[in-house]
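In each ligand, atom 1 is the first atom listed, and ligand 1 is the first ligand listed.
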Amino acid sequence: MLKVKILSKASRPAKPELAVLFSFENQPLGQLAYADSAVEEAAHLDQFKSLKDKTLYLPAPQKAKRVLLVGLGKVAELDLESLRRASSSAARKARDLKLKNIVFVLPNDQPKGMSETDMAKAIAEGIWLGLYRYTSYKSKPKDPKDETKDPLSFTLLCSNDKQTLAAKKAVAEAEIICDAVYLVRDLVNCPPSAKPPEVMASHAMKIKKRGKRLSLKVLRKSRMEALHMGGVLGVARGSVKPPVFVHLHYKPLHAKKTVALVGKGVTFDSGGLSIKTGSHMLDMKCDMAGAATVLGITLAASRLNLPLEIHAIAPFVENMPSGSSFKVDDVLTFMNGKTAEIKNTDAEGRLILADALVYASRLKTDLILDFATLTGAAVVSLGMNITALMGDDKTIEKLKTAGEQCGEMMWPLPLPKIYRAYIDSKIADIKNTGNSGEAGTITAGLFLKEFVEGSQPWVHFDIAGPAFLKREEGVHPSGATGTPVRSVIEFLKTF
Ligand code: BES
Ligand code: ZN
Ligand code: ZN
């Protein structure tokens with residue numbers, strides 16, 4: 001990740017290539033660094049007026065080589081997500097201009113209830129999240145000399161000691177969190193043939209080494225057989241790549257509570273014998289986003305020393321059609337002895353999560369959260385930018401609030417008892433699909449609920465929409481987003 005430095009006004013660089021100045025409607029720039037009378041005048045021009053989402057580029061100011069004025073609108077109406085987005089687009093603009101030394105001058109005012117730390121964190125997040133690019137498969141050689149001689153560098157310029165202190169704390173935290181988001185985005189953007197289950201296990205090992213107080217268990221096929229994980233083994237049967245079951249454990253010295261995080265790790269979802277047709281198979285490399293999410297959250301939590309024990313559980317399989325595939329009308333038996341009749345091999349996520357949820361339940365944690373790109377129906381109901389949440393109402397309320405704080409929208413769906421009949425099977429305990437076209441996200445949630453043992457609260461995140469975007473949106477480039485890593489960290493900080 002690129003570096004974001006913090007400097008105080010006294011040690012500000014003279015004439016930086018670009019100074020980014022945030023400005024508020026009807027408010028003078030005043031003593032803001034790099035502001036001169038012409039910049040001040042420009043901030044109030046009729047065409048700009050420092051309105052929200054407007055920017056004004058000034059190529060020849062006095063105190064910097066260039067100034068980019070970024071309008072934030074009325075100070076009382078500013079929220080953190082607007083600030084993140086403004087910061088993202090300013091950072092992208094700087095990169096487009098091929099500039100290397102960019103100074104972001106922190107705003108000199110903030111709305112009630114928004115701390116200077118929150119503000120600096122949002123600006124740093126905006127820079128990092130917005131500038132992410134997946135370049136691993138671009139053949140154009142990067143000139144290493146170019147990179148080291150003059151790397152892209154961002155500085156947050158603070159106007160007083162209090163702000164400097166706040167910014168240092170904020171940026172240190174944002175760096176750890178954005179690094180986890182980058183990790184998730186890299187894993188999800190990776191082509192499917194380059195990340196079969198075994199490779200995902202080696203990524204988990206690298207993550208273990210990067211974090212603090214982390215340990216890793218990787219269960220292979222024979223161990224899964226001994227544990228009767230018929231869901232994971234069933235889905236894996238069609239692929240030449242064997243499944244792996246990853247259990248990453250973060251154990252701080254003084255843990256107040258324990259949490260299990262379960263993630264769907266389908267490294268490619270072709271649909272299996274119920275094969276996906278046409279464009280439906282496109283982007284199905286993203287079907288391990290849930291698993292990547294739980295690994296990312298756990299890495300960040302460990303690097304932030306959160307006083308909370310975390311079990312990240314991620315079954316990895318590839319869902320492929322072949323002569324050895326599991327079939328429709330087959331019956332699979334899960335780790336807890338429950339059985340499911342397969343009506344569609346493309347509803348495979350719930351099958352691997354069933355075993356993983358039983359495994360997680362038996363760890364007897366205070367909470368279980370699961371993450372999965374589970375249903376196309378979630379995209380139909382909530383679109384690409386809202387995560388569907390199901391399960392414990394109180395926890396959902398807190399998660400939703402954390403989501404609002406982080407600019408990751410989430411919305412609850414019910415798990416009504418009357419829809420449970422939709423997954424009744426004639427020959428097994430349940431079947432793996434409901435009625436076609438009827439509440440597909442909810443029936444998937446009801447299926448998962450069957451495998452949550454014990455009385456601890458549980459919340460299921462269906463991230464089929466927000467995990468992977470067809471087009472850029474806010475702080476997310478197109479492709480993998482790393483949603484909802486940031487919100488869950490925010491939630492865990494006060495859990
Ligand atoms: N991985 C897909 C869900 C998905 C769809 C993720 C779009 C991301 C974007 C899942 O395994 C799936 O295929 N679900 C089926 C279930 C159906 C057969 C009951 C679906 O949603 O169509
Ligand atoms: Zn599927
Ligand atoms: Zn899937």
Side-chain angles (χ1 to χ4, degrees), residues 188-189 192 195 197 200 231-232 234-239 243 262-293 314-321 325-330 332 340-354 356 370-388 390 413 419 422-423 425 430-448 460-471 478-481 483-484:
V188 174
N189 283 328
K195 59 176 173 190
M200 288 308 303
V232 184
V235 176
R237 258 168 47 196
S239 172
V262 176
K264 171 178 174 182
V266 176
T267 60
F268 185 67
D269 184 12
S270 70
L273 289 179
S274 313
I275 196 162
K276 288 182 185 290
T277 53
S279 63
H280 293 292
M281 208 187 293
L282 270 183
D283 300 333
M284 280 305 135
K285 65 175 182 180
C286 83
D287 218 17
M288 37 61 76
T293 299
F316 287 101
V317 298
E318 192 182 56
N319 188 22
M320 296 293 280
S325 290
F326 77 129
K327 306 170 184 73
V328 297
D329 293 339
D330 269 347
L332 300 181
E341 186 183 5
I342 305 308
K343 285 297 169 197
N344 190 319
T345 63
D346 197 11
E348 83 297 339
R350 62 199 77 183
L351 304 173
I352 68 168
L353 288 173
D370 81 68
F371 305 86
T373 44
L374 205 61
T375 64
V379 190
V380 175
S381 55
L382 294 175
M384 298 302 285
N385 301 301
I386 305 176
T387 295
M390 285 146 271
L413 287 178
Y419 290 180
Y422 294 8
I423 54 169
S425 160
I430 44 176
K431 60 186 169 98
N432 79 330
T433 60
N435 305 333
S436 168
E438 294 181 32
T441 305
I442 291 172
T443 50
L446 286 166
F447 185 100
L448 297 182
H460 160 55
F461 292 62
D462 194 329
I463 54 170
F468 196 91
L469 302 179
K470 293 218 181 296
R471 47 189 184 274
S478 64
T481 61
T483 296

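- Nearest heavy-atom pair across F468 and V188 is CD1-CG1, 3.9 Å.
- If you look at T433 next to ligand 1, the close heavy atoms, those under 4.0 Å, all belong to the side chain.
- Taking all atoms of both residues into account, the shortest heavy-atom contact from S274 to V328 is OG-CG1, 3.6 Å.
- Here K264 has side-chain heavy atoms under 4.0 Å from ligand 1, and that is the only part of it that gets that close.
- Every residue two or more places apart in sequence or in another chain that forms a side chain to side chain contact (heavy atoms under 4.5 Å, CB included) with A388 is listed here: L382, M390, L413, T441, D462.
- The nearest N, O or S atom of A372 is not closer to the Zn ion (ligand 3) than 2.8 Å.
- Short contacts between ligand 1 and M284, defined as distances under 4.0 Å to a heavy atom of the residue, involve ligand atoms 1 (N), 4 (C), 5 (C), 6 (C), 7 (C), 8 (C), 9 (C).
- K195 and M200 make their closest contact through O-CG, 3.6 Å (heavy atoms, listed as atom of the first residue, atom of the second, distance).
- Note that the CE atom of M288 and the CG atom of D269 stand 13.0 Å from one another [nearest 0.5 Å].
- Surrounding OH of Y422 are more than 12 heavy atoms belonging to other residues, nucleotides or ligands, all under 6.0 Å away.
- Taking the N/O/S atoms of E348 in turn, the shortest distance to the Zn ion (ligand 2) belongs to OE1.
- Screening I352, V266, I342 against V235 for a side chain to side chain contact (heavy atoms under 4.5 Å, CB included) leaves a single residue, I352.
- Short contacts between ligand 1 and K276, defined as distances under 4.0 Å to a heavy atom of the residue, involve ligand atoms 2 (C), 12 (C), 13 (O).
- Short contacts between ligand 1 and E348, defined as distances under 4.0 Å to a heavy atom of the residue, involve ligand atoms 11 (O).
- When non-hydrogen atoms are compared, ligand 1 lies under 4.0 Å from the backbone of L374 (N, CA, C, O) but not from its side chain.
- The N/O atoms of D346, backbone and side chain alike, include one that comes under 3.5 Å of an N/O atom in ligand 1.
- Residue G440 comes nearest to T375 through the heavy atom pair O-CG2, 3.6 Å, listed as atom of the first residue, atom of the second, then distance.
- When NZ of K264 and OD2 of D287 are joined through the Zn ion (ligand 3), the resulting angle is 100° to the nearest 10°.
- Looking at atom 16 (C) of ligand 1, its nearest protein heavy atom turns out to be R350 NH2, 3.9 Å.
- Here R237 contributes atom CZ and F326 contributes atom CZ; the two are 8.5 Å apart, rounded to the nearest 0.5 Å.
- Nearest heavy atoms, T345 versus G271: OG1-O, 2.6 Å.
- Applying the 4.0 Å criterion to heavy atoms of N344 picks out, from ligand 1, the atoms 18 (C).
- D269 OD2, 3.5 Å is the protein heavy atom nearest to atom 2 (C) of ligand 1.
- Residue contact check: T373 has heavy atoms under 4.0 Å from atoms 1 (N), 2 (C), 3 (C), 6 (C) of ligand 1.
- Counting only heavy atoms of the protein, atom 17 (C) of ligand 1 lies nearest to A347 CB, 4.3 Å.
- Geometry note: the Zn ion (ligand 2) is the vertex, D269 OD2 and D346 O are the arms, and the angle is 170° (rounded to 10 degrees).
- Residue contact check: G376 has heavy atoms under 4.0 Å from atoms 3 (C), 5 (C), 20 (C), 21 (O) of ligand 1.
- Nearest heavy atom pair, residue T373 against residue A289, reads CG2-CB, 4.0 Å.
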